[in-house]
Amino acid sequence: MKYWLMKSEPDVFGIDHLMARPDQTEHWDGVRNYQARNFMRDDMKVGDQVFFYHSNTKVPGIVGIAEVVREAYPDHTQFDPDSKYHDPKSDPDDPRWVMVEIKFKRKLDRIITLRELKDQGSKLQDFKLVQRGNRLSIMPVSKKHWDYILSLE
DNA sequence: GCCAACGTTGGC
DNA sequence: GCCAACGTTGGC
């Protein structure tokens, strides 16, 4: 089983939106970064655990835990001319972008803020999230980091 | 709202 | 293949 972190803007789709979905499950569309896509396409498996992270908000941080319930399949928004995720260069016979489905597991007792994660110093220094200029929206989390971060809760 | 960091695009 | 220009991300 692997561990991941997925970013989302709470104004657009936050942990509360996920909780409110039928079956508390939602597909993760709109990923348009190759590195993030490759993680979904090649490495995400059913049962993998996910930190749900709120970005681009007043207090960015990890707010909850979700689980992968469906592995990569084509992201339909790439073929929708009305979608902001439309990609006219994507070939329907060889879709460029994929998505997975995740299911809500729980909220953390409190938000574990980016500030706090950065303050852990050497404990998390090789965690991509706290490194300079990180913009990756989906990233792997080592078991060691996963356990350590949860110990902060 | 600002702006640094980064990814992508496209001319050459 | 290089790299300048541009667009986006996301913390602050």
Side-chain angles (χ1 to χ4, degrees), chain A residues 2-21 26-44 48-68 71-102 104-142 144-146 148-153:
Chain A
K2 293 194 182 68
Y3 301 89
W4 305 93
L5 181 142
M6 297 170 88
K7 295 180 184 174
S8 192
E9 300 186 21
D11 292 345
V12 180
F13 188 82
I15 190 87
D16 290 333
H17 295 100
L18 182 62
M19 280 181 73
R21 281 288 187 264
E26 184 59 296
H27 53 267
W28 205 259
D29 62 1
V31 171
R32 294 294 181 270
N33 169 281
Y34 288 103
Q35 210 180 342
R37 179 206 65 181
N38 292 347
F39 285 136
M40 284 200 292
R41 188 189 60 188
D42 303 335
D43 298 326
M44 275 194 175
D48 284 1
Q49 303 294 295
V50 178
F51 278 145
F52 198 110
Y53 177 89
H54 281 176
S55 68
N56 226 332
T57 187
K58 193 164 184 179
V59 184
I62 297 168
V63 294
I65 295 176
E67 181 174 324
V68 176
E71 287 162 22
Y73 64 107
D75 178 345
H76 55 85
T77 62
Q78 69 197 303
F79 304 120
D80 177 2
D82 295 327
S83 170
K84 71 169 182 168
Y85 301 123
H86 182 226
D87 182 354
K89 292 190 229 168
S90 183
D91 176 359
D93 293 328
D94 184 21
R96 180 178 296 186
W97 305 110
V98 299
M99 57 191 184
V100 298
E101 282 182 1
I102 64 167
F104 174 82
K105 281 193 75 178
R106 68 177 180 95
K107 279 192 180 182
L108 299 190
D109 295 338
R110 62 182 188 85
I111 180 170
I112 297 177
T113 65
L114 178 63
R115 175 76 258 166
E116 187 178 352
L117 294 170
K118 285 182 169 175
D119 286 344
Q120 301 305 312
S122 61
K123 287 283 193 180
L124 295 178
Q125 69 181 2
D126 49 349
F127 182 32
K128 283 190 176 66
L129 185 74
V130 302
Q131 290 170 3
R132 193 175 65 113
N134 147 70
R135 297 183 355 175
L136 196 57
S137 64
I138 296 176
M139 67 186 73
V141 181
S142 69
K144 190 181 73 171
H145 287 162
W146 178 275
Y148 180 73
I149 290 166
L150 277 183
S151 79
L152 301 172
E153 188 182 3

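None of these values were measured; they are calculated from a predicted model. Below, chains carry the letters A, B, ... as their sequence lines are ordered, and counting in each starts from 1.
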Colleague: How does DNA chain B read in dot-bracket, base by base from 5' to 3', with Watson-Crick or G-U pairs under 3.5 Å and | used when the partner is on another strand?
Modeller: ||||||||||||
Colleague: Between C1' on B:dG7 and CG on A:N38, what's the gap in Å once rounded to a whole number?
Modeller: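 After rounding, the gap between these two atoms is 14 Å.
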Colleague: Look only at the side chain of A:Q78 and the backbone of A:P95, and say whether a donor-acceptor pair between them is shorter than 3.5 Å.
Modeller: no
Colleague: Name the orientation class of the two ring planes belonging to A:F127 and A:H145 (parallel below 30°, tilted from 30 to 60°, perpendicular beyond 60°).
Modeller: tilted
Colleague: Rounded to whole Å, please give me the gap between CE in A:M6 and C1' in C:dT9.
Modeller: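 Atom CE in A:M6 sits about 17 Å away from atom C1' in C:dT9.
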Colleague: Show your working on side-chain contact (heavy atoms from CB on, under 4.5 Å) between A:N33 and A:F39 and close with a plain yes or no.
Modeller: CA-CA 10 Å; A:N33 169 281; A:F39 285 136; over 6 Å; no
Colleague: Rounded to the nearest angstrom, tell me the gap between atom CG in A:L117 and atom C1' in C:dC12.
Modeller: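 These atoms are roughly 16 Å apart.
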Colleague: Is A:Y53 near enough to C:dG11 that one of its side-chain N or O atoms lies under 4.0 angstrom from OP1 or OP2?
Modeller: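 Checking A:Y53 against C:dG11: at least one side-chain N or O falls below 4.0 Å of OP1 or OP2.
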Colleague: Ignoring backbone atoms, test whether A:K7 places a side-chain nitrogen or oxygen under 4.0 Å from the OP1 or OP2 oxygen of C:dT9.
Modeller: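 Indeed not, no polar side-chain atom of A:K7 lies that close.
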Colleague: Just distance, no hydrogens or angles: give the donor-acceptor pairs under 3.5 Å from side chains in residues 10-18 of chain A, sequence neighbours left out.
Modeller:
unit_1 : atom_1 : unit_2 : atom_2 : d
A:D16  : OD1    : A:K107 : NZ     : 2.8
A:H17  : ND1    : A:G14  : N      : 2.7

Colleague: Can you identify which nucleotide, out of C:dG11, B:dT8, C:dG10, has its nearest atom closest to the A:Y34 side chain?
Modeller: B:dT8
Colleague: A:W97 CH2 to B:dT8 P: how many Å, rounded?
Modeller: 7 Å
Colleague: Can the ring centroids of A:W97 and A:Y34 be said to lie less than 6.0 angstrom from one another?
Modeller: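 Yes: the rings meet the under 6.0 Å criterion.
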Colleague: Under 4.0 Å, counting only non-hydrogen atoms across every strand here, what does A:K58 touch: a base, just sugar-phosphate, or nothing?
Modeller: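 Contact class for A:K58: none.
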Colleague: CD of A:E153 to CZ of A:R110: how many Å apart, nearest 0.5 Å?
Modeller: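 It comes to 7.5 Å.
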Colleague: Would you please name every residue forming a salt bridge (Lys or Arg N to Asp or Glu O under 4.0 Å) with A:D43, sequence neighbours left out?
Modeller: none
Colleague: Are OP1 or OP2 of C:dC12 and a side-chain N or O of A:K118 less than 4.0 angstrom apart?
Modeller: yes
Colleague: Looking only at the side chain of A:R135 (C-beta and beyond, no hydrogens), which of the listed nucleotides B:dG7, C:dG11, C:dC12 gets closest?
Modeller: B:dG7
Colleague: What is the separation between atom CG on A:N33 and atom P on C:dT9, rounded to the nearest whole Å?
Modeller: 10 Å
Colleague: May I have the distance from A:R37 (atom CZ) to B:dG7 (atom C1'), rounded to whole angstrom?
Modeller: 14 Å
Colleague: Rounded to the nearest angstrom, tell me the gap between atom CG in A:N134 and atom P in C:dC12.
Modeller: 12 Å
Colleague: Are A:E101 and A:R21 close enough for a salt bridge, meaning some N to O gap below 4.0 Å?
Modeller: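 The answer is no: the pair does not qualify as a salt bridge.
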Colleague: Please tabulate the protein-to-nucleotide N/O contacts below 3.5 Å involving nucleotides 1-6 of chain C, giving atom names and distances.
Modeller:
none

Colleague: Mind checking what makes salt bridge (Lys or Arg N to Asp or Glu O under 4.0 Å) contact with A:E9, not counting sequence neighbours?
Modeller: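 A:E9 satisfies salt bridge (Lys or Arg N to Asp or Glu O under 4.0 Å) with no other residue.
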Colleague: Among A:R32, A:H76, A:M99, exactly one meets side chain to side chain contact (heavy atoms under 4.5 Å, CB included) together with A:Y85. Which residue is that?
Modeller: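 For A:Y85, the side chain to side chain contact (heavy atoms under 4.5 Å, CB included) test succeeds with only one of A:R32, A:H76, A:M99, which is A:R32.
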Colleague: Please state how far atom CG in A:N56 lies from atom C1' in C:dG7, giving the value in whole angstrom units.
Modeller: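 Rounded to whole Å, this separation is 15 Å.
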Colleague: I need the residues from residues 121-133 of chain A with at least one non-hydrogen atom less than 4.0 Å from DNA chain C; give them sorted by number, or say none.
Modeller: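 Of all residues in residues 121-133 of chain A, none places a heavy atom under 4.0 Å from DNA chain C.
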Colleague: Any idea which heavy atoms bring A:A66 and A:I102 closest together, and the distance?
Modeller: CB-CD1, 3.9 Å
Colleague: Under the criterion side-chain contact (heavy atoms from CB on, under 4.5 Å), I'd like the reasoning laid out for A:L150 against A:L108: C-alpha separation, chi angles, the key distance, then a yes or no.
Modeller: CA-CA 9 Å; A:L150 277 183; A:L108 299 190; 4.0 Å; yes
